[in-house]
Amino acid sequence: MDLSLAILIGMVAVAIGLAFWRGGWRQILAGLKEAVLTFKTVWFRLILGFTLGGLIQVLIPGDLIAEWLGPTSGIKGILIASYAGVVMTGGPYVSLPIVASIYAAGAGPGPVIALLTSMNLLSLPGLLTWAIPFLGAKIALTRYIVCLFLPPLIGFVGAGVFELIS
Amino acid sequence: MLTGIKSLLKKIDGTLIFLGALVLVAVIAAQAIGGGDKVLDGLERAGSLFESVWLRLILGFILGGMIRLLIPSALIARWLGHTSGIRGLLIGSYIAIIMPGGPYITMPVIAAIYSAGAGIGPIIALLTGRALLGLQMLIVWQIPFLGVEISMARYIACLVLPPIAGMVGAAIYKLVFGPPPVVGEIGGQTTDADPPSDTTDDASSDSENEV
């Protein structure tokens, strides 16, 4: 069992303990009922989201992204990196090694920071597999649109901060 | 049988149509690029993604349910509701820092907070904060892979952005979709059939009475 699963189990145990302390088994049952209600709302959306996530993975190869980025620099590098994150897939255990290899290949701090940001902020699989099924298309898309212009901005500012602290 | 179809039809909303259309496009694209094998490969990856998260997802649902119950709607409405203003944006933005875990846990929890009456702005701030300022992401993944300097430079550059994203997001939502659904603030009634709000509200008011 890995650490994140252990932390998660610990949190659930604390929450169940708190619920029991507040109202006994009744309260725990009521909490589980809430969980089932959320599940009922999202299960079908989740199936579609996972299907999309899988298909995007086979449609966009990760090594292509590394190739696009290469050791680019300046505005062009930041802009490419800012939107390469849109199609990057997989959890951090997949994406961080890719970013690390791009960084090691000579990409500047600006593009690397822009890429890190867009991976987390603009990931299409993240939007389609998680945010939309759980929160609905309206609020998930609004957040996505607002964040569209942020990665290049953060890339520029981050490169400046990097200069200052390094 | 008929009720089964009926309840399935009832599920069809904008979100489902949007996702369904995208799945269709992706299947056609995969078929065009690599034939049936490519489609199967994609489905297999979907399966392995599901396999890797299902247990965490169930735990996430349970945690979301417990939090929904343990934190009264009135409290969430007061701190994160539509009328919470700047305070709501700031709380939403920065509680995300300590929210651990992947989307399988944060999404059920955020959905629970949303259905309990949080406003659009604070929810968008929370989603943005989670993506940009999660401490776990920084410590467990970015610093080990990329070093302290570049990870901290990115983190510092992002610090002030989530509340701004929340504010702008709320304004855009209002502009495009009209006034947001009022959840949890008027006796648990909701004026919108969107997200979990429609199914969880009645049950929650019941369970709160039991406390």
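Lettering of chains follows the sequences in order, A, B, ..., and the numbering in each one begins at 1. Scope of the values below: all heavy atoms of this structure, side chains included, with no hydrogens, waters or symmetry mates. Remember, it's a predicted structure, so these values are computed and weren't measured experimentally.
Taking both residues in full, the closest heavy atoms of Y173(B) and I139(A) are given as CE1-N, 3.9 Å, listed atom of the first, atom of the second, then distance. Pairing each heavy atom of L69(B) with each of Q27(A), the nearest pair is CD2-O, 3.0 Å. Nearest heavy atoms, L70(B) versus A15(A): CD1-O, 3.6 Å. Heavy atoms only, all atoms of each residue included: G65(B) and E34(A) are closest at CA-CB, 3.6 Å. Nearest heavy-atom pair across N120(A) and A131(B) is CB-O, 3.1 Å.
Between atom CG of residue L116(A) and atom CD1 of residue I150(B) there is a gap of 7.0 Å, rounded to the nearest 0.5 Å. Remark: T106(B) OG1 to W130(A) CH2 distance equals 8.5 Å, nearest 0.5 Å.
For a residue to count as touching a neighbouring chain, one of its non-hydrogen atoms must lie under 4.5 Å from one of that chain's; by this rule I67(B) does not touch chain A. Contact annotation for F162(A): both backbone and side-chain heavy atoms come within less than 4.5 Å of a heavy atom of chain B. Interface remark: F50(B) contributes backbone and side-chain atoms alike to the contact with chain A (heavy atom separation under 4.5 Å). For I28(A), the parts lying under 4.5 angstrom from a heavy atom of chain B are both the backbone and the side chain. Interface remark: I33(B) contributes side-chain atoms only to the contact with chain A (heavy atom separation under 4.5 Å). Proximity to chain A involves both the backbone and the side chain of L19(B), based on heavy atoms less than 4.5 angstrom apart.
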Kindly indicate, with the supporting measurements, whether the criterion side-chain contact (heavy atoms from CB on, under 4.5 Å) is fulfilled by M66(B) and V12(A). CA-CA 8 Å; M66(B) 293 295 165; V12(A) 171; over 6 Å; no
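Contacts of L135(B) classified as side-chain contact (heavy atoms from CB on, under 4.5 Å), with partners at least two apart in sequence or in another chain: I97(B), L138(B), I139(B), Y155(B).
Outside the 6.0 Å centre-distance limit, the rings of F134(A) and Y104(B) are not counted as a close aromatic pair.
Contact annotation: the side chain of L96(A) approaches that of L146(B) to within less than 4.5 Å [non-hydrogen atoms, C-beta and beyond].
Listed options G60(B), A153(B), G166(B) were ranked by heavy-atom pairs under 4.5 angstrom with chain A; first place goes to A153(B).
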Which donor-acceptor pairs under 3.5 Å do side chains of residues 143-156 of chain A form with protein atoms, sequence neighbours excluded?
| from | atom 1 | to | atom 2 | distance (Å) |
| --- | --- | --- | --- | --- |
| R143(A) | NH1 | L121(A) | O | 3.1 |
| R143(A) | NH2 | L121(A) | O | 3.0 |
| Y144(A) | OH | L122(A) | O | 2.6 |

